[in-house]
Amino acid sequence: MPNAKLTPISQILADLSEVETPCYVVDRGLLEKNLRVLESVRERTGCRILLALKGFAMFSLFPVIAKSLDGTAASSLHEARLGFEEFGKEVHTFCPGFVESEFEQVLSFSDHVVFNSFSQWEFFRDRVPAGAGGKKFGIRVNPEHSEVKTAIYDPCAPFSRLGVTRANFRPEKLAGISGLHFHTLCELNADSLARTLRAFEAGFGPVLGTMQWVNFGGGHHITRPDYDVDLLCGLAAAFRDRYGVQVYLEPGEAVALNTGFLAASVVDIVDNGMKIAILDTSAAAHMPDVIEMPYRPEIAGAGKPGEFEYTYRLGGLTCLAGDVIGDYSFPEPLRIGSRVVFQDMAHYTMVKNNTFNGVKLPSIAVREGEGNIRVVRRFGYEDYRNRLS
Ligand SMILES: Cc1ncc(COP(=O)(O)O)c(C=O)c1O
């Protein structure tokens, strides 16, 4: 992918001042910038990189992403189908528990299927239909080494259901298994991968000689400015050489990091000890990680409370008392109709949003270049109704 000149963020924000709200807008140039970083990792290490659909599944951009990456990582039948039909290339599916009635379809869409336990492997091994010869099967393991500080995002937390621990690993049941998978990281740098690999190799190194591939999962924040890409490349290349395996990475967040915006408008301003602006979006419905993670999204041109003259609490459209995005200050007072643009809103937003309270889902748009925003999807009443009966 050629090294295109990047548009200044001020130009992107100027373009966003015209877009309908609420609307997620992903900037194609910023996405391509991330893809160039990921391409360089592929080229330097020979590893294959999959887009984890759970993090980002905006399929109108799959043709762009598919030029740089090797396929998709799915976590359900529907994600596997989306990857197969819309992305092409390789589809790798892991699920904590495959359901018997769906398995044949999962298999039909997937190149790799990764099981979370030996009992699932033994159950489905005998249900692989004849003619599925080219499919590859793997086991997810739990290296029991925690790097993630927030327990709900830590697959190695005590009593985690994710991955086979060393004590439960059964080398005698590996016939038919060609690879191992681990996923232990979340928004972490390569030093966390280095420590994880040591734990992984200490536990499972003895069987790696019989494996063809190893999947290092996601959570690698590769496209963050301070990410140590050299360390990642060194680790991946050395691992490949040590064991003679194909290395896979399956980031979600790193593909779409800092590429998207959620444009919203102020619909009312009320006062209860402080000014509270109600927006035409919602933390609960449109950016659930703000509440779940929790985190405070950045807003272009706004600061912490008191940093600028006018401070507001920003709240959402649902009746959940906690549907609050946070407290922010602005250099100018907000008015009804004022535009508020949340940054870094591409990943874990559209894939997680919901229609709680019947709140309308944000439109989805691509910013193709200067002054050129293309709305690719609008949602309406039917999208709400079709999820109910
Ligand atoms: C198995 C697996 N692979 C990949 C990912 C993608 O992680 P991230 O979006 O943090 O890169 C996740 C996220 O939870 C995951 O569970």
Side-chain angles (χ1 to χ4, degrees), residues 46-50 52 70-77 79-81 83-84 89-145 155-156 160-184 196-218 236 238-250:
C47 76
R48 294 194 189 148
I49 303 187
L50 311 167
D70 298 281
T72 52
S75 28
S76 62
L77 169 60
E79 281 191 356
R81 179 171 172 182
F84 179 83
K89 300 188 138 181
E90 296 181 38
V91 178
H92 293 218
T93 308
F94 161 78
C95 179
F98 288 106
V99 177
E100 187 175 8
S101 58
E102 292 183 351
F103 186 72
E104 202 170 323
Q105 280 190 78
V106 167
L107 199 58
S108 72
F109 295 128
S110 308
D111 300 283
H112 285 205
V113 175
V114 177
F115 297 95
N116 191 48
S117 68
F118 279 96
S119 60
Q120 278 248 308
W121 164 232
E122 288 187 301
F123 184 85
F124 287 112
R125 190 180 50 191
D126 304 329
R127 288 166 174 78
V128 173
K135 308 286 176 181
K136 296 202 163 146
F137 300 104
I139 294 282
R140 175 168 173 171
V141 299
N142 177 351
E144 295 171 85
H145 170 81
C156 298
S160 169
R161 72 191 188 295
L162 300 170
V164 181
T165 58
R166 184 66 195 86
N168 291 310
F169 197 73
R170 295 280 167 270
E172 72 279 9
K173 294 185 175 172
L174 286 175
I177 294 290
S178 58
L180 295 186
H181 176 290
F182 65 82
H183 168 77
T184 60
T196 299
L197 280 175
R198 280 201 287 278
F200 170 68
E201 291 182 66
F204 305 96
V207 301
L208 291 179
T210 61
M211 295 295 149
Q212 296 165 15
W213 54 272
V214 173
N215 188 324
F216 291 3
F239 190 93
R240 171 203 65 199
D241 293 343
R242 206 153 49 247
Y243 298 104
V245 290
Q246 174 65 55
V247 171
Y248 285 92
L249 303 174
E250 47 179 36

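Scope of the values below: all heavy atoms of this structure, side chains included, with no hydrogens, waters or symmetry mates. Here, residue 1 is the first one in the sequence, and each next residue gets the next number.
Partners of Y248 under the ring-ring contact (aromatic ring centres under 6.0 Å, His included) rule, at least two apart in sequence or in another chain, are H92, H112. In this structure S108 satisfies the side chain to side chain donor-acceptor pair (under 3.5 Å) test with no other residue, sequence neighbours excluded. Residues passing the side chain to side chain donor-acceptor pair (under 3.5 Å) test with S178 are W213, sequence neighbours excluded. In terms of the side chain to side chain donor-acceptor pair (under 3.5 Å) criterion, residue partners of N215 (sequence neighbours excluded) are, by chain and number, E250.
Looking only at distances, a side-chain donor or acceptor of S160 sits under 3.5 Å from a matching main-chain atom of P155. Counting only distance, with no hydrogens or angles, the side chain of D70 and the backbone of E90 share no donor-acceptor pair below 3.5 Å. At least one donor-acceptor pair closer than 3.5 Å links the side chain of R140 to the backbone N or O of H183. Using modelled atom types, one side-chain atom of D111 and one backbone atom of V91 make a donor-acceptor pair closer than 3.5 Å. Listed for the N142 side chain is no donor-acceptor partner under 3.5 Å among the backbone atoms of V164.
For the pair W121/V113, no side-chain contact is recorded, criterion being any heavy-atom separation below 4.5 Å from C-beta on. In this structure, the side chains of I177 and V207 stay at 4.5 Å or more apart for every pair of heavy atoms. Residues F98 and T93 meet the side-chain proximity criterion, which asks for heavy atoms closer than 4.5 Å.
Between P129 and L107, the shortest heavy-atom contact is CD-CD2, 3.5 Å. Residues A80 and S110 come closest through the heavy atom pair CB-OG, 4.1 Å. Scanning both residues, F204 and T165, for their nearest heavy atoms gives CZ-C, 4.2 Å. The minimum heavy-atom distance between L249 and C47, with the atom names listed, is CD1-SG, 4.0 Å. Heavy-atom minimum distance, L208 versus V245: O-CG1, 4.2 Å. Heavy-atom minimum distance, L162 versus F94: CD2-CZ, 4.4 Å.
Each salt bridge (Lys or Arg N to Asp or Glu O under 4.0 Å) pair with one or both residues in residues 204-218, not counting sequence neighbours, would appear here, but there are none. Within the structure, salt bridge (Lys or Arg N to Asp or Glu O under 4.0 Å) pairs that include any residue of residues 93-107 comprise E100-R127 (at least two apart or interchain).
Seen from the ring of F118, R170 does not count as a face-on cation partner, given the 6.0 Å and 45° thresholds.
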Legend entry - R125/F137 under side-chain contact (heavy atoms from CB on, under 4.5 Å): CA gap, chis, key distance, verdict: CA-CA 9 Å; R125 190 180 50 191; F137 300 104; over 6 Å; no

Inset, instruction - Would you check, one step at a time, whether the test side-chain contact (heavy atoms from CB on, under 4.5 Å) holds for F216 with T196? - result: CA-CA 10 Å; F216 291 3; T196 299; over 6 Å; no

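From L180, atom CG reaches atom CG of L174 across 7.0 Å, with rounding to the nearest 0.5 Å. Rounded to the nearest 0.5 Å, atoms OG (S117) and CZ (R161) are 12.5 Å apart.
A salt bridge between E144 and R166 is absent, with no side-chain N of the basic residue lying under 4.0 Å from a carboxylate O of the acidic one.
Other residues, nucleotides and ligands place no more than 12 heavy atoms under 6.0 Å from the CZ atom of R81.
Classification of the F103-F124 ring pair by plane angle, with boundaries at 30° and 60°, yields parallel.
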